Each structure stands twice: as structure tokens, then as C-alpha cells.
Amino acid sequence: MENPAFNRAIRSFVLRQGHLSPAQQRAIDEGMPKWGIEYQPAPLDLDQAFGRSAPKILEIGFGMGGATAEIAAGNPGNDYLGIEVHSPGVGNLFKLIDEQGLSNLRVIRHDAVEVLDHMLADASLDGVHIFFPDPWHKKRHNKRRLIQAPLVEKLVKKLKPGGYLHAATDWEEYAVQIMEVFSGNSDLHNSADGYAPRPDYRPLTKFEARGIRLGHGVWDVIFTRN
């Protein structure tokens with residue numbers, strides 16, 4: 001049985017709102033009715049939300065949304081559901097959706113844990129992306145990291161058999177933790193021999209490319225549900 005006290009405490013984010021520009025606010029106001037999905041504690045019909053039956057990929061914490069839009073544009077046969085709480089990023093992604101004419105991307109502005117618990121059916125997802133989550137460098141803050149065993153257990157239940165869980169980080173110590181957490185779930189198996197090469201669908205960000213030029217590492221961890 002899960003610890004109720006822990007469930008009340010678990011969050012997928014720490015809110016750092018940041019400055020919301022007038023353009024981002026306008027993008028939210030105009031984008032939510034078109035591409036946004038309001039949170040509600042009731043099951044979500046993903047096929048109905050996208051208007052078709054296609055593989056469904058969830059992304060938790062898409063930041064400013066640049067990579068998310070690029071992935072959706074490059075893979076029109078898949079549908080992508082992005083979850084983010086920070087309004088500037090949500091507004092920016094709506095702007096990108098509009099500019100690029102993307103029809104396979106939807107956004108929920110809410111805590112991912114509550115969305116998982118109340119809106120997404122078990123075995124409804126073909127994949128989950130968690131790219132560059134906050135590493136919480138200080139040891140005393142490690143417990144705040146997103147990728148912990150309880151969250152991974154929730155995610156695995158939402159994956160179809162054969163569905164994948166893909167995390168990427170540029171912080172080596174976090175990469176080790178992610179590998180340990182994924183490896184500790186008996187319903188997952190590693191799709192690679194250790195860390196995976198960056199798959200074609202994950203674009204190389206400007207920040208990442210700069211880090212690679214400076215000799216910094218990036219680690220992709222990709223496991224598949226049995």
C-alpha cells in the first residue's frame with residue numbers, strides 16, 4: 001500500500017513563475033481553447049482530445065517548449081501531450097504550435113502527478129519523455145528530484161506493454177540515480193547496454209550542443225515496459 005502522507009507531498013515541480021510577457025499571456029489566452037486541456041479529476045479520452053487514434057507520447061516538464069514543438073513537427077504520426085506548470089513556457093509553446101501549424105500537440109498546465117493519478121488511464125501511453133529535469137545539485141535537495149521510484153511506478157502503469165520511458169540529463173550524478181531507479185522497477189527493462197545513444201527524435205538543443213563542445217556529457221536513459 002502506498003503511503004498516503006507521501007502521496008500528498010509528491011509534486012512534479014517547484015513553482016518558479018518567472019516573468020510572463022504580454023505576448024506569452026496572449027498566446028495562453030488564445031491557445032488554451034484550441035490546444036489546451038483543462039485539468040479535471042476525471043478520465044481523459046486521449047483519442048477524442050486529439051481527434052484521432054495514433055500513438056500517444058507524454059512529456060513532463062517541457063520548459064519553453066522548443067524541443068517539444070520540434071519533436072511533434074518531425075513526427076506527425078504521433079500525438080504529444082505536454083505537461084508544464086510554468087506559464088511562460090506554456091505561452092511560448094502555444095506560440096510555436098500556432099507558428100508551425102502543429103495539430104498533434106496538446107498542453108495541460110497542471111501538476112503532472114495529479115494528471116497521472118486522475119486523468120490518464122492505465123496502459124494508455126506509448127511513451128513518456130522527461131528531458132533535463134531540474135537536477136537539484138545540493139545533496140540535501142536530492143529528495144526534490146522528479147525521478148524517484150514512486151513517480152516511475154505511476155508512469156509504468158500508464159505505459160502500454162512495449163511502451164518506453166525516456167529520460168535525459170546533463171548531470172552525471174542524476175543520470176546514475178535515474179539508471180538505478182529505472183533498473184529497480186521490475187516491469188521495465190533497459191533498451192540499451194547501459195546509457196542509450198541519443199535517438200533521432202530527441203533534438204540537440206543549443207544548450208546541449210554548447211555543453212558537448214565544452215566537453216560536458218549528456219546521458220539518455222531509455223527503458224521499455226515488459
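Everything numeric here is computed off the predicted structure, so don't read it as measured data.
Ile71 is listed as a side-chain neighbour of Pro203, based on a closest heavy-atom distance under 4.5 Å. The shortest side-chain heavy-atom distance between Gln177 and Trp171 does not fall under the 4.5 Å cut-off. Using a 4.5 Å cut-off on side-chain heavy atoms (C-beta onward), His86 and Val90 make no contact. In this structure, Leu93 and Val107 have side chains that are in contact, with non-hydrogen atoms separated by less than 4.5 Å. A 4.5 Å side-chain heavy-atom check between Val152 and Leu188 finds at least one atom pair inside the cut-off.
A donor-acceptor pair under 3.5 Å links the side-chain atoms of Asn104 to the main chain of Ala72, judged by distance alone. In terms of modelled atom types and a separation under 3.5 Å, the side chain of Gln25 and the main chain of Leu20 share no donor-acceptor contact. Side-chain atoms of Ser124 never come within 3.5 Å of backbone atoms of Leu120 as a donor-acceptor pair (strictly under, hydrogens ignored). Looking at Asn75, its side chain never comes within 3.5 Å of a backbone N or O of Gly77 through a donor-acceptor pair. Looking at Tyr174, its side chain does come within 3.5 Å of a backbone N or O of Ile147 through a donor-acceptor pair. Judged by distance alone, the side chain of Arg225 and the main-chain N or O of Val156 form a donor-acceptor pair under 3.5 Å. Remark: the backbone N or O of Gln24 is not paired with any side-chain donor or acceptor of Lys95 at under 3.5 angstrom. Under a 3.5 Å cut-off, the side chain of Asp98 and the backbone N or O of Phe94 do not form any donor-acceptor pair. Panel note: side chain Ser191, backbone Ile222; a donor-acceptor pair is recorded below 3.5 Å.
Apart from Leu204 itself, the hydrophobic cluster it occupies contains Ile212, where clustering links Ile, Leu, Val, Met, Phe, Trp and Tyr at side-chain heavy-atom distances under 4.5 Å.
Donor-acceptor pairing under 3.5 Å is recorded for the side chains of Tyr201 and His166.
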Which donor-acceptor pairs under 3.5 Å do side chains of residues 50-67 form with protein atoms, sequence neighbours excluded?
unit_1	atom_1	unit_2	atom_2	d
Arg52	NE	Asp79	OD1	2.9
Arg52	NE	Asp79	OD2	3.3
Arg52	NH1	Pro76	O	3.4
Arg52	NH2	Pro76	O	2.8
Arg52	NH2	Asn78	O	3.2
Arg52	NH2	Asp79	OD1	2.7
Lys56	NZ	Asp47	OD1	2.9
Lys56	NZ	Arg52	O	3.4
Lys56	NZ	Ala54	O	2.9
Lys56	NZ	Asp79	OD2	3.0
Glu59	OE1	Thr68	OG1	2.6
Glu59	OE2	Thr68	OG1	3.4

Which side-chain N or O atoms in residues 33-42 pair as donor and acceptor under 3.5 Å with protein atoms at least two apart or in another chain?
none

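Between Lys154 and Asp117 there is a salt bridge, with a side-chain nitrogen of the basic residue lying less than 4.0 Å from a carboxylate oxygen of the acidic one. Salt bridge status for Asp126 with Lys160: present, with a side-chain N to carboxylate O gap under 4.0 Å.
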Would you please test Arg109 and Ile28 for side chain to side chain contact (heavy atoms under 4.5 Å, CB included) and show each step?
-> CA-CA 10 Å; Arg109 182 172 50 165; Ile28 290 175; 3.8 Å; yes

Determine, step by step, whether Tyr164 and His189 satisfy the ring-ring contact (aromatic ring centres under 6.0 Å, His included) criterion, reporting the C-alpha distance in whole Å, the side-chain angles of both residues, the deciding distance to 0.1 Å, and the verdict.
-> CA-CA 9 Å; Tyr164 68 91; His189 68 271; over 10 Å; no

Test log, rule side chain to side chain contact (heavy atoms under 4.5 Å, CB included), inputs Leu165 and Asn185 = CA-CA 12 Å; Leu165 181 56; Asn185 189 296; over 6 Å; no

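The side-chain contact (heavy atoms from CB on, under 4.5 Å) check on Ser103 picks up nothing, with sequence neighbours excluded. Under the side-chain hydrogen bond (donor to acceptor under 3.5 Å, both in side chains) criterion, Arg202 pairs with Glu208, Asp220, sequence neighbours left out. A search for salt bridge (charged side-chain N to carboxylate O under 4.0 Å, His left out) contacts involving Glu30 returns nothing, not counting sequence neighbours.
Environment of CG in Asp45: crowded, with over 12 heavy atoms of neighbouring residues, nucleotides or ligands closer than 6.0 Å. Atom CD of Gln48 has 12 or fewer heavy atoms from other residues, nucleotides or ligands within 6.0 Å. Summarising the local packing, CH2 of Trp219 is surrounded by more than 12 heavy atoms from other residues, nucleotides or ligands at distances under 6.0 Å.
Counting all heavy atoms, side chain and backbone alike, Gln100 lies closest to Ala73 at OE1-CB, 3.8 Å.
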